[in-house]
Amino acid sequence: MKEINVKGTARTSFGKKAARDIRKANAVPCNLYGEAKDENGAPVALSFTATNDELRNLIYTPDIYTVNLNIDGKECKAVLKEIQFHPVKDNVLHVDFYEITENKPIVMEVPIKLNGLAEGVKAGGRLAASVRKLKVKAVYSNIPERLNIDVTHLGLGKTIKVGELSFEGLELVTSKEVVVCQVKMTRAAKSAASAN
């Protein structure tokens, strides 16, 4: 997995007004979740801010990264957990990170890549991906940049579901019934089939 560095500053003020002030200063409120828990066992977040410039290359990319976070000089490794966008303006409102350790499995979404020329496409069909990412669970060092899926044997009108896939060292968390991709019938393929 690729790595990216992000510098942050610990937050001292909280609430809606503080969050608005942070965004006005071209920064984004962020949380880092990790091993820390409160007395009730709920996760405790480290709140910090990072500038839009620091986050841009991490957010606006199809790739996934291990994030080397530096918050006021304290360093840790993390992955992007969740991004909240403004519903109208589409600017980033909030980012959550999840701290990672060498041996603790994490769940994250990994982009898929369809490889090969499907038999159904040769027959006039059209290959369509139904999802762009799949959720996997593994230690972060086992998580690949993308999941390669061979579609060469996929016939006309056929699908590949999550339950049919397996990747070494990864547990697929996405529901087994989810369709990953399919070869759809096109008008040309339908008329060729009816002509035979």
Side-chain angles (χ1 to χ4, degrees), residues 1-4 6 33 52 55-68 77-98 100-196:
M1 209 186 318
K2 295 176 183 166
E3 293 196 354
I4 194 166
V6 172
Y33 293 93
N52 278 303
L55 296 170
R56 185 172 289 119
N57 292 337
L58 175 65
I59 293 170
Y60 301 107
T61 175
D63 299 323
I64 57 172
Y65 289 95
T66 301
V67 183
N68 297 316
K77 284 193 179 300
V79 289
L80 192 60
K81 189 170 181 243
E82 190 179 0
I83 309 168
Q84 286 179 345
F85 291 98
H86 190 283
V88 178
K89 298 183 201 160
D90 209 34
N91 54 322
V92 179
L93 294 178
H94 186 90
V95 179
D96 283 341
F97 292 91
Y98 188 78
I100 51 178
T101 54
E102 293 291 331
N103 48 12
K104 191 175 180 203
I106 56 168
V107 173
M108 74 181 296
E109 289 187 324
V110 180
I112 63 163
K113 184 170 189 290
L114 304 178
N115 296 322
L117 180 61
E119 287 173 8
V121 172
K122 288 181 196 169
R126 186 174 60 84
L127 181 65
S130 306
V131 292
R132 292 211 309 262
K133 294 179 177 180
L134 293 177
K135 271 191 181 173
V136 302
K137 183 177 183 180
V139 291
Y140 85 91
S141 53
N142 281 356
I143 295 177
E145 286 181 25
R146 55 189 44 86
L147 299 170
N148 289 301
I149 300 168
D150 182 17
V151 296
T152 45
H153 300 299
L154 197 59
L156 205 52
K158 300 290 183 204
T159 63
I160 294 177
K161 290 186 177 177
V162 173
E164 299 166 48
L165 301 172
S166 68
F167 301 93
E168 196 177 330
L170 300 178
E171 179 191 332
L172 290 168
V173 180
T174 305
S175 166
K176 289 179 171 18
E177 294 307 307
V178 169
V179 173
V180 177
C181 62
Q182 57 188 318
V183 176
K184 292 183 173 175
M185 293 283 272
T186 57
R187 277 201 208 111
K190 281 178 188 159
S191 55
S194 58
N196 289 339

Visitor: Within the structure provided, determine whether L93 and F85 are in side-chain contact (heavy-atom separation under 4.5 Å).
Guide: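 SC-SC contact between L93 and F85 ruled out.
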
Visitor: Would you indicate whether the side-chain heavy atoms of P144 and V136 approach each other to under 4.5 Å?
Guide: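 No, their side chains stay 4.5 Å or more apart.
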
Visitor: For the atom pair CG (N57) and NZ (K2), what is the distance rounded to the nearest 0.5 Å?
Guide: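 The NZ atom of K2 is 11.0 Å from CG of N57, to the nearest 0.5 Å.
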
Visitor: What are the two closest heavy atoms between L156 and K184, and how far apart are they?
Guide: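 Heavy atoms only, the tightest pair is CD1-O, 4.2 Å.
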
Visitor: Hey, does V131 have a side-chain heavy atom less than 4.5 Å from the side chain of V162?
Guide: no

Visitor: What is the distance from atom OG1 of T66 to atom CD1 of I100, rounded to the nearest 0.5 Å?
Guide: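 So the gap between those two atoms works out to 4.5 Å.
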
Visitor: Please report the closest heavy-atom contact between L154 and C181, naming both atoms and the distance.
Guide: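 That would be CD2-SG, 4.0 Å.
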
Visitor: Taking C-beta and beyond as the side chain, do Y65 and L80 meet within less than 4.5 Å on heavy atoms?
Guide: no

Visitor: Can you confirm whether I143 sits close enough to I64 that some side-chain heavy atom of one is under 4.5 Å from a side-chain heavy atom of the other?
Guide: yes

Visitor: To the nearest 0.5 angstrom, please state how far the CZ atom of R146 sits from the NZ atom of K133.
Guide: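 Rounded to the nearest 0.5 Å, the CZ-NZ separation comes out at 10.5 Å.
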
Visitor: Are any of the side-chain heavy atoms of I106 and K104 separated by less than 4.5 Å?
Guide: no

Visitor: Looking at E3, I'd like to know if its CD atom is crowded, meaning that more than 12 non-hydrogen atoms belonging to other residues, nucleotides or ligands lie closer than 6.0 Å.
Guide: yes

Visitor: Could you check whether atom NZ of K77 has more than 12 heavy atoms from other residues, nucleotides or ligands sitting under 6.0 Å from it?
Guide: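 Buried by this count: over 12 neighbours within 6.0 Å.
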
Visitor: How long is the gap from CD1 on I160 to CG on L127, to the nearest 0.5 Å?
Guide: 8.0 Å

Visitor: Got a sec, which pairs hit side-chain hydrogen bond (donor to acceptor under 3.5 Å, both in side chains) with one end in residues 106-123, sequence neighbours left out?
Guide: K113-N115, N115-N148

Visitor: Let me confirm one number: the CG-CG distance from L134 to L147, rounded to the nearest 0.5 Å.
Guide: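 Between atom CG of L134 and atom CG of L147 there are 5.5 Å.
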
Visitor: Evaluate side chain to side chain contact (heavy atoms under 4.5 Å, CB included) for V110 paired with F167, printing each intermediate quantity in order.
Guide: CA-CA 12 Å; V110 180; F167 301 93; over 6 Å; no

Visitor: Mind listing the closest non-hydrogen atom pair of A138 and G169 along with its distance?
Guide: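 Taking A138 first and G169 second, the nearest heavy atoms are CB-O, 3.4 Å.
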
Visitor: Please round to the nearest 0.5 Å and tell me the distance separating atom CD1 of I149 and atom CD of E164.
Guide: 10.5 Å

Visitor: Of all heavy-atom pairs between V95 and V92, which one has the smallest distance, and what is that distance?
Guide: CG2-CG1, 3.7 Å

Visitor: For Q182 and S130, which heavy atoms make the closest approach, and how far apart are they?
Guide: NE2-OG, 3.7 Å

Visitor: Work out which heavy atom in A129 is nearest to a heavy atom in L114; give both atom names and the distance.
Guide: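 Taking every non-hydrogen atom into account, CB-CD1, 3.9 Å.
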
Visitor: Check whether any side-chain heavy atom of V151 lies under 4.5 Å from a side-chain heavy atom of V121, and answer yes or no.
Guide: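 Heavy-atom side-chain distance check fails, nothing below 4.5 Å.
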
Visitor: Tell me every residue that passes side-chain hydrogen bond (donor to acceptor under 3.5 Å, both in side chains) with E102, counting only those two or more places apart in sequence or in another chain.
Guide: Y140

Visitor: Looking at T174 and K135, would you say the former's side chain and the latter's main chain have a donor-acceptor pair under 3.5 Å?
Guide: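 Yes, T174 side chain to K135 backbone: donor-acceptor pair under 3.5 Å.
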
Visitor: Please identify each residue that fulfils side-chain hydrogen bond (donor to acceptor under 3.5 Å, both in side chains) with N142, with sequence neighbours left out.
Guide: none

